[in-house]
Amino acid sequence: MTRTLQDFSFDKSEYERPTQPWICGRAESGEPCRIGPDETGRCRATFECRPVRKGDGWECARPRQWGGPCAGGPSPDGCCARPIPRCQPVRSMRSKRGHVVLWTCMATVGALAWLLAVPERRARVLLPGPLSGAHSAMETECDKCHQVSLGDTSGWPSAALVSTLGSGVQNLQCQVCHAWGADADRPHSLSARALAGMVVAAERTTGPKRGGSWRLSLAAAIAGGKRSATAPLSCVPCHDEHRGRSHRPAEISDEQCQVCHVRQFDGFAGHPAFADYPLESAVGIHFDHGSHRDHFTERGRDLRNRCDDCHRLTADGAAMAPTGFAASCAECHAAEIHGEGVEDVALNVMSLPGLDTETLRARGIAVGHWAEGLDGIITTTMKLILSAGNESIRRDLDRTQKMDWEDLAAADDEQLAAIARLAWAVKEFYFDLYVEGHGALGARLATALGRASGPGEANLWHGQLPVGLIREGIDEWMPNLLDEVPRHRRGERVESRGDAAGDASHEVDPAIGAAGTEGAPTDAAGDDLLGGGESEPPPDDDLLGGGDPDDLLGGGGQEPAPPGPVREPSPVATLSADEWMIGGGWFREHCVFRYRPTGHGDTFLRSWLDLAGRLSPSAEASADPAWLLFDYFGDPTSAGLCIRCHGVDEVPGSGRVVRWESTSPGSSGRAFVRFDHGPHVRLESRLGCDHCHVASADPPPKVGENPRRGRGFAPIEKSKCAECHQPERVGDSCLTCHQYHARPGYDISGSSPVGSTAGGRAMTDVSSAGR
């Protein structure tokens with residue numbers, strides 16, 4: 001049964017408007033006045049009607065719902081005979097609710113103002129929940145993570161009303177501790193160029209483009225459109241907080257991972273097949289397991305499932321890291337590095353090249369004294385040292401690159417002038433080295449690098465070059481060097497004084513001294529007090545002469561004893577200099593200072609390869625000194641055999657970089673793939689390492705060639721992983737194998753990461769080359 005709550009006929013009911021703030025005070029008794037109170041709550045009751053004049057009299061005008069015309073009618077003067085008693089109006093229910101809400105809001109605002117007035121109290125009130133264990137130290141320092149500082153509340157309303165989920169405006173707070181480079185706001189912390197390439201590669205892959213759960217399909221349908229792959233992302237949608245101490249902000253669901261991906265699937269069973277995983281990783285060492293396995297098998301040693309002979313599980317369990325050269329390689333290869341079987345066991349570092357001084361002298365070009373009979377050439381190391389920061393010398397080297405310094409008869413005047421400048425550059429370098437020692441070499445190389453060098457770096461460059469070796473060579477080849485160079489630098493013309501014997505008598509610049517030090521003592525006649533080279537024979541009364549019978553220490557005038565029989569020296573075979581220096585180090589041979597590596601990890605050889613590689617131009621330049629030096633020191637057959645095993649990368653902005661270390665533990669050469677050996681090593685006793693690492697049928701690489709396909713192993717198939725990685729067994733979450741953030745400095749083109757490595761979480765797919 002239905003009925004209306006009120007009869008709205010005009011003559012039966014007075015409609016009460018619920019929006020009125022005041023109602024008549026007699027409403028509760030069911031007899032409210034017709035006119036009711038005004039807006040301010042004052043009673044407006046007067047009479048029941050307002051009589052109407054009709055002719056000479058008055059008629060009652062009371063409405064029917066109020067009883068119709070009264071019996072007595074109005075008074076003769078037209079006043080209603082039925083006055084309405086006045087009442088005390090009361091508020092309507094709506095008005096009462098409004099006041100309750102208003103006072104409640106005011107009380108709430110007041111309470112909040114009191115709570116937020118003190119920072120400590122404010123932090124406790126606003127904290128939506130406890131932080132995770134990793135961030136718990138910042139629980140009372142909200143401004144460490146939130147862009148709107150607690151010290152100023154003026155920005156709170158706009159921050160609460162404006163969505164920031166897709167803008168990444170608060171990412172800067174996250175990056176104070178979590179640094180992911182200049183592109184941290186972009187997906188996977190990669191550049192827009194790299195992301196665009198990944199999208200193209202993913203769209204070109206065959207197979208279904210859409211799949212996954214119904215929730216992803218529904219979300220895609222609701223969202224509509226396609227989000228740009230390079231648009232900035234906020235950290236918050238994936239990394240939420242305030243969910244308790246045990247919560248891990250880095251943990252995200254598989255569906256969260258696949259929201260942005262072109263290819264979506266449910267679980268590892270729907271994962272696309274691996275494409276040559278692991279790819280040819282950016283390893284540091286040229287090493288092939290297949291050829292080594294065959295080599296030891298021929299020697300009767302079976303290396304199958306003997307990985308722990310050369311590998312050890314790292315402390316974090318991430319990788320099976322090599323045990324190092326001394327433990328794994330030295331048994332066979334240490335002798336080779338020391339020179340066994342190597343054609344030339346030493347490197348030509350610094351030299352004094354032969355020079356056609358006759359032609360220079362005949363053409364009026366003075367280069368001072370230059371030793372005759374030298375047959376050496378200017379070494380690549382000398383070219384780099386001389387041209388360090390000196391473009392004029394660089395041009396002279398280019399101009400004379402194909403010239404024979406020992407035969408200058410056909411050279412023109414410009415070429416001879418360049419040869420003369422280079423000759424003086426050689427002398428000035430040896431002069432600085434003679435006088436200043438190791439510091440002269442370090443200063444020149446620091447100039448080439450364009451920056452100051454640290455003491456440790458400079459110490460590696462000179463390789464503990466002995467002072468005696470340098471000064472002995474310079475004194476023999478250029479006996480007047482300490483006099484000629486200062487004169488040349490003063491602008492004087494320095495002529496050759498003839499042969500070495502004649503030049504040896506030349507007066508040395510007194511500012512330098514005969515031994516490269518100031519103030520060498522001389523007598524009044526200019527003779528060295530301790531030299532004795534031009535003094536007269538000792539007089540007869542010399543105390544030590546022995547000529548005078550009265551000489552205290554003389555021979556007493558006795559005749560000298562007759563000489564004994566002369567014996568021919570026995571023929572003894574002596575070692576050459578490089579053979580004698582079997583332990584490595586510096587030695588001089590003819591007109592060249594040579595260096596023999598001391599063994600594996602020789603710091604001198606390594607530092608010069610790093611230096612030459614850093615100074616090498618971005619493209620091959622056959623005449624560039626740094627390029628030539630790197631090719632000479634880095635020849636796979638050169639002394640030390642460094643590049644026989646260590647790979648070389650050409651890195652934009654860094655030149656040629658030698659990979660002195662093997663692949664970093666846990667690095668697969670992929671931007672987002674992570675694999676931990678620790679849990680899998682426990683399976684080795686039951687399955688064996690070759691269950692996953694199957695020997696490749698590819699032929700072994702040549703010497704110096706970087707092996708392909710996992711250095712002797714075939715790609716791993718997805719079915720191997722799927723044997724265990726199932727939801728009901730060990731799990732198949734995306735985060736099991738993937739990390740979200742690419743490592744800082746990672747080059748998506750496929751080369752190794754440059755710089756530090758870092759962990760992270762991923763939402764990528766190992767099936768396609770760009771992902």
Side-chain angles (χ1 to χ4, degrees), residues 350-379 382-383 385-436 440 444 470-516 518 520 526 590-593:
M350 297 179 295
S351 66
L352 183 67
L355 188 62
D356 184 358
T357 55
E358 293 184 4
T359 299
L360 292 175
R361 195 178 300 114
R363 301 281 285 272
I365 298 176
V367 294
H369 172 74
W370 201 278
E372 302 290 344
L374 301 179
D375 57 358
I377 61 173
I378 186 168
T379 63
M382 286 288 292
K383 291 180 180 180
I385 294 172
L386 297 179
S387 62
N390 194 325
E391 288 299 323
S392 175
I393 294 297
R394 176 72 65 88
R395 289 192 294 270
D396 287 338
L397 288 171
D398 292 341
R399 189 177 293 115
T400 60
Q401 180 184 5
K402 298 181 179 179
M403 294 179 61
D404 182 1
W405 287 31
E406 297 181 63
D407 185 6
L408 302 175
D412 57 30
D413 291 342
E414 185 177 351
Q415 291 174 325
L416 289 178
I419 291 290
R421 288 192 293 268
L422 290 175
W424 278 113
V426 170
K427 284 193 166 186
E428 289 189 72
F429 166 67
Y430 278 124
F431 173 86
D432 293 338
L433 191 61
Y434 194 109
V435 175
E436 301 174 15
R444 286 176 177 257
I470 289 294
R471 289 186 172 178
E472 176 187 304
I474 293 176
D475 289 341
E476 179 180 331
W477 301 334
M478 297 172 287
N480 292 328
L481 182 69
L482 300 181
D483 170 56
E484 291 178 346
V485 170
R487 293 172 56 198
H488 172 73
R489 288 176 172 173
R490 291 196 298 266
E492 299 179 20
R493 180 180 176 86
V494 183
E495 298 284 359
S496 174
R497 295 291 301 272
D499 58 15
D503 284 343
S505 63
H506 195 282
E507 181 180 353
V508 177
D509 190 320
I512 303 299
E518 298 183 5
H590 303 301
C591 54
V592 182
F593 294 108

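Atoms considered below: every heavy atom in the structure, side chains included; atoms not considered: hydrogens, waters and symmetry mates.
Using a 4.5 Å heavy-atom threshold, the side chains of Met478 and Phe431 count as separate.
Remark: Arg444 fails to qualify as a cation-pi partner of Phe429 under the 6.0 Å distance and 45° angle criteria applied to the six-membered ring.
Glu358 pairs by the side-chain contact (heavy atoms from CB on, under 4.5 Å) definition with Asp356, Arg361, not counting sequence neighbours. With sequence neighbours excluded, the residues satisfying ring-ring contact (aromatic ring centres under 6.0 Å, His included) with Phe593 are Trp477. Looking at residues two or more places apart in sequence or on another chain, you find a salt bridge (Lys or Arg N to Asp or Glu O under 4.0 Å) between Asp413 and Arg363. Remark: Thr357 pairs with Glu372 by the side-chain hydrogen bond (donor to acceptor under 3.5 Å, both in side chains) rule, at least two apart or across chains. Partners of Asp396 by salt bridge (Lys or Arg N to Asp or Glu O under 4.0 Å), not counting sequence neighbours, listed by chain and number: Arg399, Arg421. Under the rule for a salt bridge (Lys or Arg N to Asp or Glu O under 4.0 Å), Glu406 has no partner lying at least two apart in sequence or in another chain.
Under 4.0 Å is where a charged nitrogen must lie from a carboxylate oxygen, and between Asp398 and Arg394 no such pair does.
Among residues at least two apart or in separate chains, salt bridge (charged side-chain N to carboxylate O under 4.0 Å, His left out) pairs with a member in residues 422-431 are Lys427-Glu484, Glu428-Arg489. Residues in residues 408-428 take part in these ring-ring contact (aromatic ring centres under 6.0 Å, His included) pairs, two or more places apart or across chains: Trp424-His488.
Taking every heavy atom of both residues into account, Ile365 and Ala417 meet most closely at CD1-N, 4.5 Å.
The structure places CD1 of Ile419 at 5.0 Å from CH2 of Trp405, a figure rounded to the nearest 0.5 Å.
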